[in-house]
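Sequence lines set the chain letters: A, B, ... in the order given, protein chains first and strands last, and positions in each chain run from 1.
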Number of protein chains: 2
Amino acid sequence: MTVAQKFARLGTDHAPGQEVRQSASADFLIGDVLPGQPVDFSHGDVDAHDPTPGAFQLFAEGVAKGGAQAYTEYRGDIGIREGLADRLAAFTGAAVDARDGLIVTPGTQGALFLAVAATVARGDKVAIVRPDYFANRKLVEFFEGEIIPVALSYDTAVAGEAGLDLSGLEAAFKAGARVFLFSNPNNPAGVVYSADEIARIARLAARHDATVIVDQLYSRLLFSGVSYTHLRAEADLPANVVTIMGPSKTESLSGYRLGVAFGAPQIIARMEKLQAIVSLRAAGYAQAVLRCWFAEPEGWMEDRIARHQAIRDDLVAAFRQIPGCTVRQPQAGSYLFPRLPPLAIAPLQFIRALRLQAGVVVTPGTEFSPDAGDSIRLNFSQDHGAALAAVQRIATLTQRYRA
Amino acid sequence: MTVAQKFARLGTDHAPGQEVRQSASADFLIGDVLPGQPVDFSHGDVDAHDPTPGAFQLFAEGVAKGGAQAYTEYRGDIGIREGLADRLAAFTGAAVDARDGLIVTPGTQGALFLAVAATVARGDKVAIVRPDYFANRKLVEFFEGEIIPVALSYDTAVAGEAGLDLSGLEAAFKAGARVFLFSNPNNPAGVVYSADEIARIARLAARHDATVIVDQLYSRLLFSGVSYTHLRAEADLPANVVTIMGPSKTESLSGYRLGVAFGAPQIIARMEKLQAIVSLRAAGYAQAVLRCWFAEPEGWMEDRIARHQAIRDDLVAAFRQIPGCTVRQPQAGSYLFPRLPPLAIAPLQFIRALRLQAGVVVTPGTEFSPDAGDSIRLNFSQDHGAALAAVQRIATLTQRYRA
């Protein structure tokens, strides 16, 4: 494959945050612009929810520390890794090796890139969930791996299950998939895999000696009544499991761009080798902010979750009032993935109409699955009132452009 | 090539900053440990030279700005890009397109990675200078390109020239090299390409329609009497030129991890597409620090250069006093690349002896060229007195281990 072919597949025109670079005609629009405060649902609004107390102070202390904080091992400062390893072990229920089994990266995106690069070569088969975070698919494509899709029937699954097609996953492994990459909670649908689903994923991967990369970015933001199973704490596991997390939207710390990956030392070692030529290391001073992660004041995370749960409830109710619109209530994280009724314009046109006429940015469902053209993704980590008003404008435009 | 094969080639054991991960036997050591303040010449000491005034304040203002600074276009905040484009155009002598021809990356390493990824696919031939920055070679290897080495006779070149083998470069292009990647000033040797060398590189690349990626990281730190030619300002240029820079050791801002690439819009666009899955963007808040870059108080850079020139002069003199040691005086940047006399132990053993017995970390010459085993690289952006004392300890150990 030539470089030109490789990049032709790597579209970002509809990726979150890139809407400003679009410049197509908009002559399909009908009706007036709806007034209201603009809301960008393509990512969380870090201004709507305060960052973890003390984060900036830790950064300032990192700057004051100078060279020792600016230049760390490529995998991150050992002192910071040691503190993190203990707290991540307590959170996930399995030991974390601070020296050899943990790497700090520029954002969780950095961790995901390195993990895929460290495990997928040209022609390797990789099982990818549909729908799932769009970068999963793009990363496999970039490294010229072969995707074997596995369906997630999030909308028809029984209560308490995410809805993964486990026989599809087994078939993927039997067909030669060497890696299974998925997000839990699922991005975009916000569903959490059940204990049984996780146990069966672990057993299947172990039986077929496959690597599992699990993106647990939103696993701290669990709504009431939901229990979460950490795959890495399963008894029956494959040799190669890598877990990815980071302080991001949940903590309103995404502006520092920090992520971590932890698990199999041989994969972490490869990831560090590659980080050496990709970006050297996560920003030296920013690493210091990790000291406040999983070390928040008592009650702080509970309050953060309660506020998000209240927004979720109102937004889900508002979408369910739109005739023909369906949405599964997210169990964790801050993503909502409603399916819209049939429209008279194409999905991408409707998304442009939302931006131009309702001041609302959402991400097209097709970023997450080729079958999800009728869905849109919203990150509801927003100002509560502004988000609800914005969904009401989405409702108005859905009616306006209804088929 | 399997993933395992790919990573086996991607060694970082001797990369700067990774020495702490070594654990081999040291029974070849003779004699005592030399007292003195440890010096890590593998990178600059940001504590020895103050960062640009106002940098931390700009970061703090970025944090205060919140979401608008945390979430920028993947290629960076447009306001910051516009300011930068003007200043980079003034510095390099050719226009910079803020909207389409400039990207902000996590460090210059991030820019280099994206530029190579955007131009080199499996089997593509790439001309690489020997010696040159070690990541250049590793990046081409990672993307399975084919390296065509071009010699830089920095030690025997006539005064004012870097010593590039221009007929070798022409032969590389004739043999099918599609990309030429080099650093100017050269890392490790600190030599600057002459106006004639740059003009001929540009013409040769234009004639063969090759892409040129030029890493100008240290092009601001020019010592007295040196003139610098920006390739991108040449009249006769190929369509695809990308220039890489960043505020780093020169400004003592490397802890913020910022870099930029500017040039051909079609390559910058690819780089942004890839950045979307590699790290999304340079740390949002850190981008704000770019506002002080090329906007330093009057006289600040001149003072910074004078201090480095004084260190250079003393270190060069100290190395030249070691019998059998040769070193070309660097014209720019903060790297020194002395060639040591024949030793009784292997080069990597001597480098370990320096670390364990002299408290001195240097980078092996073989990181830069397979032919440079008898050379070591030092980043002399250090405390002046400590650096000079450390070179005197290197002299003592050179005598101790002399063949």
Peer 1: Where on B:Ala55 is there a heavy atom nearer than 4.5 Å to chain A: the side chain, the backbone, both, or neither?
Peer 2: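 Neither part.
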Peer 1: I'd like to check B:Leu274 versus A:Phe7 (side-chain heavy atoms, cut-off strictly below 4.5 Å). Are they in contact?
Peer 2: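 Yes, their side chains come closer than 4.5 Å.
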Peer 1: Quick one: of A:Gly284, A:Ala282, A:Ser279, A:Gly44, who has the most non-hydrogen atom pairs under 4.5 Å with chain B?
Peer 2: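 Ranked by heavy-atom pairs under 4.5 Å with chain B, first place is A:Ser279.
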Peer 1: Are any non-hydrogen side-chain atoms of B:Phe59 and A:Phe59 less than 4.5 angstrom apart?
Peer 2: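 They are in side-chain contact.
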Peer 1: What part of B:Ala60 gets within 4.5 angstrom of chain A, counting heavy atoms only: side chain, backbone, both, or neither?
Peer 2: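 Both backbone and side chain.
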Peer 1: Would you call the rings of A:Phe56 and B:Phe56 parallel, tilted or perpendicular, where under 30° means parallel and over 60° means perpendicular?
Peer 2: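 Ring orientation of A:Phe56 relative to B:Phe56: parallel.
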Peer 1: Sort B:Val278 into side chain, backbone, both or neither according to what part of it lies under 4.5 angstrom from a heavy atom of chain A.
Peer 2: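 Interface part for B:Val278: both.
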Peer 1: Heavy-atom pairs under 4.5 Å with chain A are the metric here; pick the option from B:Pro51, B:Ala117, B:Ala48 that has the most.
Peer 2: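 Most heavy-atom pairs under 4.5 Å with chain A: B:Ala117.
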Peer 1: Does a side-chain heavy-atom distance below 4.5 Å link B:Val63 with A:Tyr256?
Peer 2: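 SC-SC contact between B:Val63 and A:Tyr256 confirmed.
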Peer 1: What part of B:Val120 gets within 4.5 angstrom of chain A, counting heavy atoms only: side chain, backbone, both, or neither?
Peer 2: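 When you check distances to chain A, only backbone atoms of B:Val120 fall under 4.5 Å.
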Peer 1: Is the shortest heavy-atom distance from the side chain of B:Arg257 to the side chain of A:Arg257 under 4.5 Å?
Peer 2: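 B:Arg257 vs A:Arg257: side chains apart.
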Peer 1: Less than 4.5 Å to any heavy atom of chain A: does that hold for the side chain of B:Ala4, its backbone, both, or neither?
Peer 2: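 For B:Ala4, heavy atoms of backbone and side chain both lie under 4.5 Å from chain A.
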